[in-house]
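In this text, all values refer to a predicted model and were calculated from it rather than measured experimentally.
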Amino acid sequence: QVQLVESGGGLVQAGGSLRLSCAASTDTFRSYVMGWFRQAPGKDREFVAGITWTGATTTYADSVKGRFTISRDNAKNTVSLQMNTLKPEDTAIYYCAARRRGYQDFNSWGQGTQVTVSS
């Protein structure tokens, strides 16, 4: 497991942008696939974006493709989510998550940061 701390959430108008950051406390950050998930009121937690060990491969939920960009800095043990053209439907608590190489499921989670998009 690795400790994860998110930051950067807030209130923004539709069409605006936010950048979320996640700091990881581990000495083996490169061994983790990193991801962002979100949970809106009354809905299940859903996958938003993922990035592999070196950042060579990224994946996105269909709902955010073309608008969100995930990146990582292995020298600083951080992963970010740049969110552009935000929509009210993006309102949710956003969680940073980590999955160690060889593991099937994400097993480390941050405390979450609130993103609210007004119409």
Side-chain angles (χ1 to χ4, degrees):
Q1 293 184 321
V2 54
Q3 293 184 5
L4 304 172
V5 180
E6 303 99 331
S7 62
L11 175 64
V12 64
Q13 292 185 345
S17 299
L18 283 175
R19 184 177 180 86
L20 306 182
S21 295
C22 174
S25 59
T26 176
D27 58 354
T28 56
F29 186 64
R30 291 179 298 176
S31 297
Y32 292 88
V33 170
M34 302 299 298
W36 288 94
F37 293 75
R38 67 186 182 186
Q39 186 168 21
K43 296 185 178 181
D44 293 332
R45 183 181 62 194
E46 64 176 354
F47 171 80
V48 176
I51 187 166
T52 53
W53 306 275
T54 65
T57 302
T58 57
T59 57
Y60 298 92
D62 288 341
S63 59
V64 306
K65 287 181 179 177
R67 299 189 298 118
F68 290 10
T69 302
I70 188 172
S71 61
R72 69 189 295 163
D73 186 338
N74 288 344
K76 297 181 178 180
N77 285 12
T78 59
V79 61
S80 299
L81 184 69
Q82 178 66 45
M83 305 184 294
N84 298 327
T85 318
L86 283 162
K87 304 175 181 179
E89 305 93 276
D90 296 319
T91 295
I93 300 176
Y94 283 71
Y95 297 91
C96 179
R99 176 172 64 83
R100 189 177 177 87
R101 185 192 297 267
Y103 286 71
Q104 182 177 358
D105 302 317
F106 285 88
N107 64 338
S108 297
W109 299 86
Q111 83 289 347
T113 185
Q114 177 71 47
V115 172
T116 302
V117 184
S118 62
S119 59

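- Side-chain N/O atoms of Gln39 and Glu46 include no donor and acceptor closer than 3.5 Å.
- Considering only heavy atoms from C-beta on, Ile51 stays 4.5 Å or farther from Val33 through its side chain.
- For the 3.5 Å distance criterion, the side chains of Thr78 and Asp73 fail to qualify, holding no donor opposite an acceptor.
- Summarising the geometry of Val2 relative to Ala24, their closest heavy-atom pair is CG2-CB, 4.0 Å, with the distance given to 0.1 Å.
- With a 4.5 Å cut-off on side-chain heavy atoms, Met34 and Cys96 count as touching.
- Note: the hydrophobic cluster containing Val79 does not contain Phe106 (ILVMFWY, side chain heavy atoms under 4.5 Å, direct or indirect links).
- At a threshold of 4.5 Å between non-hydrogen side-chain atoms, the residues Phe68 and Leu86 count as touching.
- Tyr32 and Arg72 make their closest contact through O-NH1, 2.9 Å (heavy atoms, listed as atom of the first residue, atom of the second, distance).
- Taking the six-membered ring for Trp and the full ring otherwise, Tyr95 and Phe37 have centroids separated by 6.0 Å or more.
- Ion pairing of Asp62 with Lys65 is present here, as a side-chain N (NZ or NE/NH1/NH2) and a carboxylate O approach within less than 4.0 Å.
- In this structure, Lys76 NZ and Asn74 CG are separated by 12.0 Å, a value rounded to the nearest 0.5 Å.
- The hydrophobic clustering, which links ILVMFWY residues whose side-chain heavy atoms are closer than 4.5 Å, places Val117 and Val64 together.
- Between Arg19 and Ser80 the shortest side-chain heavy-atom distance falls below 4.5 Å.
- Atom OG in Ser108 sits 12.0 Å away from atom CZ in Arg99 (nearest 0.5 Å).
- Across all their heavy atoms, Ile70 and Gly35 have their closest contact at CD1-CA, 4.4 Å.
- Between Val115 and Gly9, the shortest heavy-atom contact is CG2-CA, 4.2 Å.
- Proximity of Arg38 to Phe47: side-chain heavy atoms (C-beta onward) are nowhere separated by under 4.5 Å.
- Counting only heavy atoms from C-beta outward, the side chains of Thr116 and Val12 never approach each other to under 4.5 Å.
- Judged by a 6.0 Å distance limit and a 45° cone about the ring axis, Arg45 is positioned over the six-membered ring of Trp109.
- Taking the side chain as every heavy atom from C-beta outward, Trp36 and Leu20 approach each other to under 4.5 Å.
- Between Thr69 and Leu81 there is no side-chain heavy-atom pair separated by less than 4.5 Å.
- Between Arg100 and Asn107, the closest heavy-atom pair is N-OD1, 4.3 Å.
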